[in-house]
Amino acid sequence: MSELTLVSRNTVFGGHHERHSHHSRSTGTEMTFAVYLPPRALQGHAVPVLYWLSGLTCNDENFSTKAGAQRLAAEWGVALVMPDTSPRGADVPNDEAYDLGQGAGFYVNATQNPWAANYRMYDYVAHELPALVEAHFPVTQQRSIFGHSMGGHGALMVALKNPGRYAAVSAFAPIVNPTETPWGQKAFAAYLGDDSALWADYDSTLLVAAANHKLPILIDQGDADNFYPQQLQPQTFVAAARSAGFTVEFNLRPGYDHSYYFIASFIDSHFAFHADALGL
Ligand SMILES: N[C@@H](CCC(=O)N[C@@H](CSC=O)C(=O)NCC(=O)O)C(=O)O
């Protein structure tokens, strides 16, 4: 278990918003993540954890500073964990495009060079980070997960691949079918190779059809999102999930785009959804 180095701590809504760095055995790099500990945790109670996965170009700070989530985490008494979206560093492979390389790890374990050595974000967010969080902070083993865009893909995919680990999953404008849409096809070809049959293991729309554990799912999508429907296609996932017997709430939000303004507008309902699933 790696040691944590405290990077910063801010008091917000009576809790602590902390950034920590540590050596990751998954990525072989120094990783930074943020955790929000609500007042209830600071008072000595173990609290459930809500994991947030961000989208392309983000690190742990986008959601921390733009979504308004700490007020809700304080009110509901849940910890929030916000990882980076890729390994980083001068020695870590990168690409000049915003949708590949640093800031664009797609939450997969890369098998192709030059990415394979460091781009193991599936192992990081699904296994290493939860173990680290549960060892270092006053949290229970109750978990839930949500995310945005590339992080919405990550949240749905990680939840579906780990039955019973998460109480619920929700997403804002998720990339639900990366094997069939341009962002996903580009990233999966680079990270996983040209054999598209090997991509299915990370595609939520394909995973949901075969999933036995039916956790509740919530998806919000803005209809003024400039990446909708070309990159996102949430209705494809919703149809597959409902056919497989999942309960899915899907909201198409008139006038909303892909930004954190959209996320901030509906973050309350995502917290209420996860709180209900966590029995809060
Ligand atoms: N720079 C790109 C668009 C990048 C972008 O919109 N990133 C989104 C996530 S998109 C899917 O994963 C984001 O969350 N950005 C960070 C923010 O704080 O808004 C372009 O120009 O098209």
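Indexing begins at 1, ligand by ligand and atom by atom, following the structure's order. Sequence positions, counted from 1, serve as the residue numbers for this chain.
Within the listing of ligand 1, atoms 10 (S), 11 (C) sit less than 4.0 angstrom from a heavy atom of H258. The contact set between ligand 1 and K66, taken as ligand atoms under 4.0 Å from a residue heavy atom, comprises 17 (C), 18 (O), 19 (O). Every atom of ligand 1 is numbered from 1 in the order shown, and the set under 4.0 Å from a heavy atom of S149 is 10 (S), 11 (C), 12 (O). Listed by number with element, the atoms of ligand 1 under 4.0 angstrom from any heavy atom of H148 are 9 (C), 14 (O). Close contacts of ligand 1 with C58, meaning ligand atoms under 4.0 Å from a residue heavy atom, involve 13 (C), 14 (O), 15 (N), 16 (C). For ligand 1, the atoms lying closer than 4.0 Å to a non-hydrogen atom of M150 are 11 (C), 12 (O). Numbered from 1 in the order shown, with element, the atoms of ligand 1 that lie under 4.0 Å from a heavy atom of F227 read 6 (O), 22 (O). Every atom of ligand 1 is numbered from 1 in the order shown, and the set under 4.0 Å from a heavy atom of N62 is 16 (C), 17 (C), 18 (O).
Atom CG of D91 has 12 or fewer neighbouring heavy atoms from other residues, nucleotides or ligands inside a 6.0 Å radius.
With S149 as the partner, the side-chain contact (heavy atoms from CB on, under 4.5 Å) test is satisfied by one option alone out of I263, D225, I175, T57: I175.
Taking the six-membered ring where tryptophan is involved, the planes of F137 and F33 are perpendicular, since the angle between them exceeds 60° and thus also 30°. The aromatic rings of F172 and H270 sit parallel to each other, their planes meeting at less than 30°, with 60° as the upper class boundary. Note: W183 and H258 have tilted aromatic rings, judged against thresholds of 30 and 60 degrees for the angle between ring planes.
Using modelled atom types and a 3.5 Å distance limit, the side chains of E128 and S24 yield a donor-acceptor pair. Checking N177 against T236 by side-chain atom types alone, no donor-acceptor pair falls below 3.5 Å.
Between N94 and Q102 the shortest heavy-atom distance is OD1-N, 2.9 Å.
Within a 4.0 Å radius of atom 18 (O) of ligand 1, the protein contributes at least one heavy atom.
Between the choices I263, I175, T85, T57, the shortest heavy-atom distance to atom 4 (C) of ligand 1 belongs to T57. Of the listed residues (Y261, Y260, F262, Y98), the one carrying the non-hydrogen atom nearest atom 3 (C) of ligand 1 is Y98.
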Cut-off 3.5 Å, no hydrogens considered: what does the side-chain donor-acceptor table look like for residues 272-280, sequence neighbours left out?
residue, atom, partner, partner atom, Å
H274, ND1, S144, OG, 2.6
H274, NE2, S170, OG, 2.8

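Within the 4.0 Å heavy-atom criterion, both parts of L56, backbone and side chain, lie near ligand 1.
Taking only nitrogen or oxygen atoms, main chain and side chain alike, W183 does not reach within less than 3.5 Å of ligand 1.
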